[in-house]
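Indexing begins at 1, ligand by ligand and atom by atom, following the structure's order.
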Amino acid sequence: MAIASNKLNADFDIDSIRGQFPALDQKVHGHSLVYLDSGASAQKPNVVIEAVDHYYRNDHSNVHRGVHTLSERATVKYDASRVSIQKFVNAASDREIIYTSGTTEALNLVAQSWGRANIKEGDDLLVSEMEHHSNIVPWQMLAAEKSATVRKIPMDQDGVLDMQAFKKLLEGKPRVVAITHVANALGTVNPLAEIVRLAHDAGAIVVADGAQSTPHMSVDVQALDVDFYAFSGHKIYGPTGIGVLYGKESLLDAMPPWQGGGDMIKSVTFDGTIYNDLPFKFEAGTPNIADAIGMGVAADYLLDIGLEAVAAHEHSVLSYALSRAAERSEMTVFGNAPDKAGILSFALEGVHPHDIGTMLDHQGVAVRTGHHCAQPVMQFFGVPATTRASLGIYNNRQDIDRLFDGIDEVMKMFRR
Ligand code: PMP
């Protein structure tokens, strides 16, 4: 069964979008590339590549401390990128946007700065079972340091968060709820606004991992009322090595800095140091200027296309993939939440995921195999690894057909 039409959404010109990503236009092992690994890292559109290139060719200098023209140009572009990111998640102020190296660093920043200042012996920290390791391990490290306890919010067989169990755990008055907005190994979209409301009623703050939501859907941190929200530039079609911690200004203001150095101070004497204002208090040292600029351009790019159109398009491609998976008795899909984004995680009976990944690569189809840095999810389903096809804005139904053609080849080989 192959559906040829890509006219899924009148506002969304998939052919033009595909043409904006030069890396897609290549052959791998003699086949035109089908890139189904955007969940790990997305490809980059020309506008992002050109913005980084233009910056290094023309504008590069250190920011914030120079009066010369290049330093001023770099500073203007760097600061403008923060305003783009503020718009991207609808933060109330650009002071609430802290640049980090990625989601991982953003979550560690919260655990180490807010956590060390606020968590004490005997406190509970709730962490969902479907988290990426980067939203588990920093809380375990904090708990070990403070003699606090990390408690698991369980999920069910479909990969849906168990809200009854969550409500029960809230009765223990935890201090933190660490939760992913979209689960990277399953695609589950968690009801974040409701989770935040329940957590706040119980007196907890919510630290959300937006690494897999920000590429796929419109995010409004004010509407969500979330306390902290972390995401990565490279997953929203921007550069690697740059990411964001959104935090409510009142919380960030009260937090101690976590790294000391240049740019995060107002004045330093041997009698003491006065820290800089937000967001710079949390950005010690020369920042990743070029990639911040590239990430701002990527955010503008997504906003220009429209996150609603992106979500509708990807949802349509995902539904098609799920309908094709449902035709296969040898295929088990992990993660069947009714609200699901961009991810098809699966097993094929009798075939190791790494063999699937290698054989698909030989047919030009890029997927990821492994535990996806979510080992508790693998433990829940009793598998060491899965094969994961993850969607980006440039994927279409033909890409899904190529994936299933590849799966046919894999099955032929293993059934011999
Ligand atoms: N959280 C989730 C849900 C992710 O998918 C990822 C990346 N796989 C991360 C956190 C970590 O992101 P990064 O490596 O960019 O810090």
- Is it true that Glu131 lies under 4.0 Å from ligand 1, counting heavy atoms only? no
- Does the ring of Tyr394 carry Arg18 above it, NZ/CZ under 6.0 angstrom from centre and within 45° of its axis? no
- Query: So is Thr180 polar-close to ligand 1, meaning N/O to N/O under 3.5 Å?
  - Reply: no
- Which option out of Thr104, Asn184, Thr100, Asp209 puts a heavy atom nearest to atom 13 (P) of ligand 1? Thr104
- Query: Among protein heavy atoms, which sits nearest to atom 4 (C) of ligand 1, and what does the distance come to when rounded to 0.1 Å?
  - Reply: His132 CD2, 3.4 Å
- Query: Under 4.0 Å from any heavy atom of Gln212, which atoms of ligand 1 are there?
  - Reply: 3 (C), 4 (C), 5 (O)
- Message: For His352 and His354, I'd like to know if the aromatic rings sit close, meaning centre-to-centre distance below 6.0 Å.
- Response: yes
- Do Asp220 and Val89 come close enough that some side-chain heavy atom pair is under 4.5 Å? no
- Message: I'd like to know whether ligand 1 has His372 as a neighbour, heavy-atom separation below 4.0 Å.
- Response: no
- Query: Below 6.0 angstrom between ring centroids: does that apply to Tyr237 and Phe21?
  - Reply: yes
- Does the separation of the ring centres of Tyr99 and Phe282 fall below 6.0 angstrom? no
- Which residue owns the protein heavy atom closest to atom 8 (N) of ligand 1, what's the atom, and how far is it? Lys235 NZ, 2.7 Å
- Query: When the aromatic ring centroids of Tyr78 and His64 are compared, is their separation below 6.0 Å?
  - Reply: yes
- Query: Using the ring of each side chain (for Trp, its six-membered ring), is Tyr55 parallel, tilted or perpendicular to His60, with breaks at 30° and 60°?
  - Reply: perpendicular
- Task: Compute the minimum heavy-atom distance from Ser134 to ligand 1 and say whether it is under 4.0 Å.
- Result: yes
- Restricting to heavy atoms, the pick from Ala106, Ser232, Gly233, Ala183 nearest atom 15 (O) of ligand 1 would be Ser232
